[in-house]
Structures are given as structure tokens and as C-alpha cells.
Amino acid sequence: MTTLGELAETAGPALIAVGPFDPAHQITGVHVSELADPGRYLDGGELLLTTGIRLTGRDDDDAYVARLAEQRVGALGLGLGEGWDAVPPGFVDRCANAGVPLFVVPDGEPFLAVTRSFWQLEGRDERDAVARIGHTHTRLAGAAAGDQPVHDVVRLTSEAVGGWAAWIPLDPTAPGALLHPAGLSGLLPSVKADVERSLERTGVAAASFVAHGSVVVAHPVVANGRTIGAVAVGASRPLTRTDRQLVLTAVAVLRLTIRRPATETSAAHWVARLVFDGDAVAARSLARSAGIDLPLLSRVHVSGADDEPLAELAIERDGMRLTLVDAEGPAAGGVGAVSAAVALEEVPAAAARALALWRRSPGRPVVDAAERAEDWARLLEGSPALLAAARAHLASGRRIERTARALGVHRNTVRQRIAAAEELLGVELADPDVSAELWLALRRRP
């Protein structure tokens, strides 16, 4: 959080104190207002900037300053040169008596300079938090592969947020409850009761509440459709966006840890597991921390469990190997099913389609329907006569006579061109799946 002392130092000549103030006093934001009563637009703790057009230099100003103090304004910045060339008479004492720190923004200095200084300091805090959380993401992956994964994940989460963290089992087969730091372990029974009441009994997906002097967030850990436990994190301050993202990653890692095979321990495996389980946000965060590049568009390659993975991002599922490959890279070769190119969030659905393809045609190469139909259309585009024949043939319901009339050629010519098209594509247009997929691909083309 930015302090008044830091803001005054960073803003330099754009913000000058004209009365006593506490340098350690925290500022929550910078707001500009010329209203006589700006408090309803403030949350409290802001530096309020004004040109003072509402000020009179008389006793009437007491009410204005009193309202600011009542509304917990963090400080007041008076811009000179518009309403006033100097601080109004008696205004310094009025602010001091009300406990509102007073600053001036000299004539010629824009309010924007003060606002920029504030966000520069806030950006510093955000960058520090991101670096800290990023380092913790990497350590979480390592902790998950250790001898005490649940204990270590909870400990790292607690240390990263500067509060406490707890693992609450909600299934008899789950590891036992624990809370870190150990000095606060006396909270565990009441935390467990709060989490069960908030999650298990109400059925909500996540919970946020205030308890034990802390702001608490709790997220369930679900594996195989069953809630096996929950992670609860508490701190004496509101949790930031990066804190909450860390908690979500801890939840995802614990879910995988509790059900993982013992040999699957690499960071790349954890990233792949998160992607295939639908945790794209956590996967990106962990990949960024571990220095792993995730493609913008990916394909899922499915093969036998004993086959070599095409890339590091691979997992085993149901006796098959699923590999995440860059859609812009070389085409996946060898035996296996390959999905269409998808964004990271769509990988689980693409994997399901590729698995279904593999089960229907094990032991030979096969490509997702959406992708192979596009390949067929591109091949036909290289031969306009075959493209026209295939398009007309499918449009006529694969009737030779109608196709011949549409093209203005003899029916034997149609048969020859259809046979040539089928040889080019390596499929038969009489196959209803082939004809439906190809027709849709051709419809998308002019």
C-alpha cells in the first residue's frame, strides 16, 4: 500500500506539504472533485485533489473540512492558480484541527502528475507481488512432488499470503486436517466447522467470510466428481487478486497431488495436467513461473501409453498418452489421433474428441473431423474441376444425373471426376460422415 510519505517524495514539486502529516499514513487512491460534499464518491483513505472553488476563506470552510474528516479522507491536495493563488486564510489550522493532512499542488503542476506518481508506486507493489507469487507457484510444483505434499503446499500458501492456510478434509479417504503456522493450530476446529458450513452444507463453489479476525476464502478440492477437501486461507488484510490466484493454484495442485501417480513429478507434467483438467489460468501461471512456453493454439495428440510423447507436455489417461503440441509447429506424425487447433481453455473438449477418434480407429493415424475436412477442401482447391464436381455432387445428394446436369457434362465425366477426387482425398464420398464433413467445409468457402 502507498503511504503519504512515499507519494510526497515521488511526486516531488507537484505535491508539497503545508501542514503536519504522518508519512506512514496509507493512501488508497487519488480522486479529483470540486463538489462541496465529495464523500459519497469515496471509499475512505484517498488523497482528494481540488482547486478549492468551494472554499471561502471564512468560517464556512469549517463544515467542508469537517465533512472530509468524517468521511475519512486520507489527505487533501489544494491546486493553486485556479480558485486560489495561496492557501485560504486559516485553512491550514482548520485542516490540522480536523486531522486532515493538507498539501498544495503549485500553480503549473498538473493534478495528473500526482495521480501518475500514485500509480507508479502502486505498480511497484503489484510487480513485487507478482514476482513473489510467481516464485511461490514454482515452489508449489516442487512441493507437490515431495514426501509431504499437502503439508508443504499449505505451508507455502500461508507464507506467501502472510497469513494462515488450512487443509480441511471432507472425505474419509483424504489426508488429515492441518493448519499453518503451527502456532495457530488451535483455530483448526473452528475453521473446519466454518468451511464445512460454508461449502459442504450450502453446496456453494467457493466461500468468502470474516472469521477469527481474518478475511477468509475457502475453495473445495474436487477429484473424480467428489469433494475430497478444501483449502482455506485467512489474512488480516483483504486478499489481493494475486493472492487469490495463488490459492486457486494451490487448490489445483492439491487436487492432482492427492490422486496422482507417484512417478509424475515434473513441472511440465503438472502444467499439462492442469490444462487437461480445465485449469487453464493456473496452468498459465505455473508455466510462466517454471519457464515453460505454452502455445496460443494447441492440438491434442492421443496415442498408446507406451508411445513416446511428442512434447514434454504429456500425461497418461485411461491407458493412453495425451500430448499437447503447438498447432503452429510441425504436423504430428506416426500413429495416433490429432485434434483440431484449439485455445488452451478448449483443450479438455478437444482431448475428449481425440480420445473418441482413437478408440474408433486404434493403430492408425486419424485427424479430428473439423481439421481433416479442411484438409480435404484445401486439396480439392488445387484442382478446380474436381472441386466443382465434388461440390455439385454433394449438393445433389450424390446423384450422378443431377450432378451432370448441374455441371453441364456427361454422367461418365462426373463418375471419372468423383473417382479422381476420392483417390486424391483417400476417402469415399459415399461415406455419410465424409460427405457431411466435406460439405460443411466447402460451404464455408466462397
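Numbers for residues simply follow the sequence, beginning at 1.
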Decide side-chain contact (heavy atoms from CB on, under 4.5 Å) for Val105 and Ile16; before the verdict, give the C-alpha distance in whole Å, the side-chain angles of both, and the deciding distance to 0.1 Å. CA-CA 7 Å; Val105 180; Ile16 300 174; over 6 Å; no
Taking all heavy atoms of [X] and all of [Y], pick out the closest pair and write down the distance.
X: Leu187; Y: Ser190; value: O-OG, 2.9 Å
X: Trp439; Y: Arg391; value: CZ3-O, 3.6 Å
X: His219; Y: Val247; value: CD2-CG1, 3.8 Å
X: Val153; Y: Thr157; value: O-OG1, 2.8 Å
X: Val150; Y: Pro175; value: CG2-CG, 4.0 Å
X: Phe103; Y: Ala8; value: CE2-CB, 4.2 Å

Is atom [atom1] of [X] surrounded by more than 12 heavy atoms (other residues, nucleotides or ligands) closer than 6.0 Å?
X: Glu381; atom1: CD; value: yes
X: Glu82; atom1: CD; value: no
X: Arg116; atom1: CZ; value: no

Could you check whether any side-chain N or O of [X] sits under 3.5 Å from a backbone N or O of [Y], counting only pairs where one atom can act as donor and the other as acceptor?
X: Asp277; Y: Asp279; result: no
X: Asp60; Y: Thr56; result: no
X: Ser158; Y: Val154; result: no
X: Arg54; Y: Leu35; result: no
X: Thr227; Y: Gly229; result: no
X: Thr10; Y: Glu6; result: yes
X: Arg94; Y: Pro89; result: yes
X: Glu122; Y: Gln120; result: no
X: Thr249; Y: Ser285; result: no
X: Ser214; Y: Gly234; result: no

Residue pair His301, Arg321: steps toward the side-chain contact (heavy atoms from CB on, under 4.5 Å) verdict: CA-CA 8 Å; His301 180 270; Arg321 185 180 300 282; over 6 Å; no
About how many Å separate [atom2] of [Y] and [atom1] of [X], when rounded to the nearest 0.5 Å?
X: Leu297; Y: Leu344; atom1: CG; atom2: CG; answer: 10.0 Å
X: Leu425; Y: Trp376; atom1: CG; atom2: CH2; answer: 7.5 Å
X: Leu379; Y: Leu438; atom1: CG; atom2: CG; answer: 10.5 Å
X: Leu42; Y: Thr28; atom1: CG; atom2: OG1; answer: 8.5 Å
X: Cys95; Y: Leu76; atom1: SG; atom2: CG; answer: 5.5 Å
X: Ser117; Y: Glu9; atom1: OG; atom2: CD; answer: 11.0 Å

Between [X] and [Y], is there a side-chain N and carboxylate O pair less than 4.0 Å apart?
X: Arg273; Y: Glu316; value: no
X: Asp293; Y: Arg288; value: no
X: Arg67; Y: Asp62; value: no
X: Asp43; Y: Arg72; value: no
X: Asp326; Y: Arg299; value: no

Side-chain contact, heavy-atom cut-off 4.5 Å: [X] with [Y]?
X: Val217; Y: Ser208; result: yes
X: Leu170; Y: Val221; result: no
X: Trp164; Y: Val191; result: yes
X: Leu324; Y: Val275; result: yes
X: Leu47; Y: Leu49; result: yes
X: Val222; Y: Ile228; result: no
X: Tyr64; Y: Thr50; result: yes
X: Thr2; Y: Phe118; result: yes

For Gln26 and Thr3, test the side chains for any donor-to-acceptor distance below 3.5 angstrom and give the result as yes or no.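 Their side chains do not contain a donor-acceptor pair, so the 3.5 Å distance test is not met.
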Distance-only side-chain donor-acceptor flag, Thr51 / Glu34, under 3.5 Å: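 A pair is found: one side chain offers a donor N or O, the other an acceptor, under 3.5 Å apart.
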Steps toward side-chain contact (heavy atoms from CB on, under 4.5 Å) verdict (Arg284, Leu294): CA-CA 7 Å; Arg284 285 193 180 95; Leu294 284 176; 4.1 Å; yes
Could you go through the side-chain contact (heavy atoms from CB on, under 4.5 Å) check for Gln71 and Asp37 one step at a time? CA-CA 10 Å; Gln71 292 151 357; Asp37 184 14; 2.6 Å; yes
So, using ring-ring contact (aromatic ring centres under 6.0 Å, His included) as the criterion, who are the partners of Phe91 when residues are at least two apart?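 Listed in chain order: nothing, the list is empty.
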For Leu188, side-chain contact (heavy atoms from CB on, under 4.5 Å) partners two or more places apart: Ala166, Ile168, Ala177, Leu179
